[in-house]
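First the structure, in the form of structure tokens, and then the observations on it.
Along the sequence shown, the residues carry numbers beginning at 1.
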Amino acid sequence: MQNELLWLVMLLANFLLIIFAYRLFGKWGLIMWIPISVIVANIQVIQTVKLFGLVSTLGNIVYATSFLVTDILSENYGKEEAKKAVWIGFFSLISMTFLMNLALQFVPLAGDDFATVCHDATSTIFSLMPRIAIASLAAYLLSQRHDVWAFHFWKSRFSKDNQLWIRNNLSTMVSQLIDSSVFVMVAFWGVYEGTVLLEIFITTYFLKWLVAAADTPFVYWAKGIHKKNKFWM
């Protein structure tokens with residue numbers, strides 16, 4: 001039960017940090033969260049745990065919150081600002097992958113055990129197989145672009161403030177379905193048999209779906225902050 005409780009604490013921590021960043025820095029606090037979410041997710045993903053009876057990797061929460069942020073940006077500032085944030089996240093992901101893999105080409109200090117251990121640990125986290133890197137980039141870009149488009153598609157049909165939960169959930173849940181499908185298919189097709197692929201997909205999407213369902217109150221909270229102009233800076 002410890003992992004499940006920690007997962008819920010992490011879920012709440014991510015949501016509150018987004019609201020705090022928004023209150024502190026306004027729109028740029030939200031945009032800032034996008035590179036934070038994609039970079040942290042790619043570090044956390046190497047840790048495998050058991051959650052709700054399912055084997056899963058960490059990183060699902062913080063990655064899924066990027067959809068919350070683009071929905072808040074779409075709602076409060078429009079489609080173009082949300083699209084800009086998506087491209088910032090994409091650039092951040094490419095930059096991190098390139099720079100960290102370039103850093104791994106350096107030879108650690110000879111005879112220094114600590115330097116060797118640090119190099120090996122860094123390699124474990126950041127040395128991505130090309131296929132995994134391509135899967136991650138493709139899944140991110142396709143799902144986020146869809147999320148921005150879908151949010152405004154549903155907003156044109158459910159435009160009232162009390163219908164915000166509809167456009168938020170419909171856009172996010174479908175976008176996360178795209179994200180999970182693309183990543184699993186590109187990264188693991190031919191590596192695992194069909195039943196294992198299906199299990200990985202279901203586990204990944206289920207946890208992201210929970211995050212999407214839980215983020216609705218925070219979309220409304222951010223909407224209220226924007227309306228009342230309650231920013232600290």
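Annotation for Q47: atom CD does not count as buried by contact number, only 12 or fewer foreign heavy atoms lying within 6.0 Å. The number of heavy atoms from other shown groups lying within 6.0 Å of CG (D113) does not exceed 12.
The nearest pair of heavy atoms linking F15 to V211 is CZ-O, 3.7 Å.
Taking the six-membered ring for Trp and the full ring otherwise, H226 and Y22 have centroids separated by 6.0 Å or more. Within the 6.0 Å centre-distance limit, the rings of F153 and W149 are counted as a close aromatic pair.
No donor-acceptor distance shorter than 3.5 angstrom exists from the side chain of D147 to the backbone of S143, with no hydrogens or angles considered. Under the 3.5 Å distance criterion, the side-chain polar atoms of R23 are matched with a main-chain donor or acceptor of K230.
Inspection of the N168 and Y220 side chains reveals no N or O donor paired with an N or O acceptor under 3.5 Å. N60 and S56 are linked by a side-chain donor-acceptor pair at a separation below 3.5 angstrom, with hydrogens and angles left out of the test. For T216 and N169, the side-chain atoms include at least one donor-acceptor pair closer than 3.5 Å. Between W33 and S66, the side chains place no donor N or O within less than 3.5 Å of an acceptor N or O (distance only, hydrogens not considered).
Tested against E81 for a side-chain contact (heavy atoms from CB on, under 4.5 Å), the candidates N76, L30, I31 yield a single pass: I31.
Residues D71 and R167 are not paired through a salt bridge, judged by the lack of any N-O separation under 4.0 Å between the basic side chain and the carboxylate.
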Can you list the steps and then say if N14 with M10 is a side-chain contact (heavy atoms from CB on, under 4.5 Å)?
CA-CA 6 Å; N14 275 266; M10 186 177 285; 3.5 Å; yes
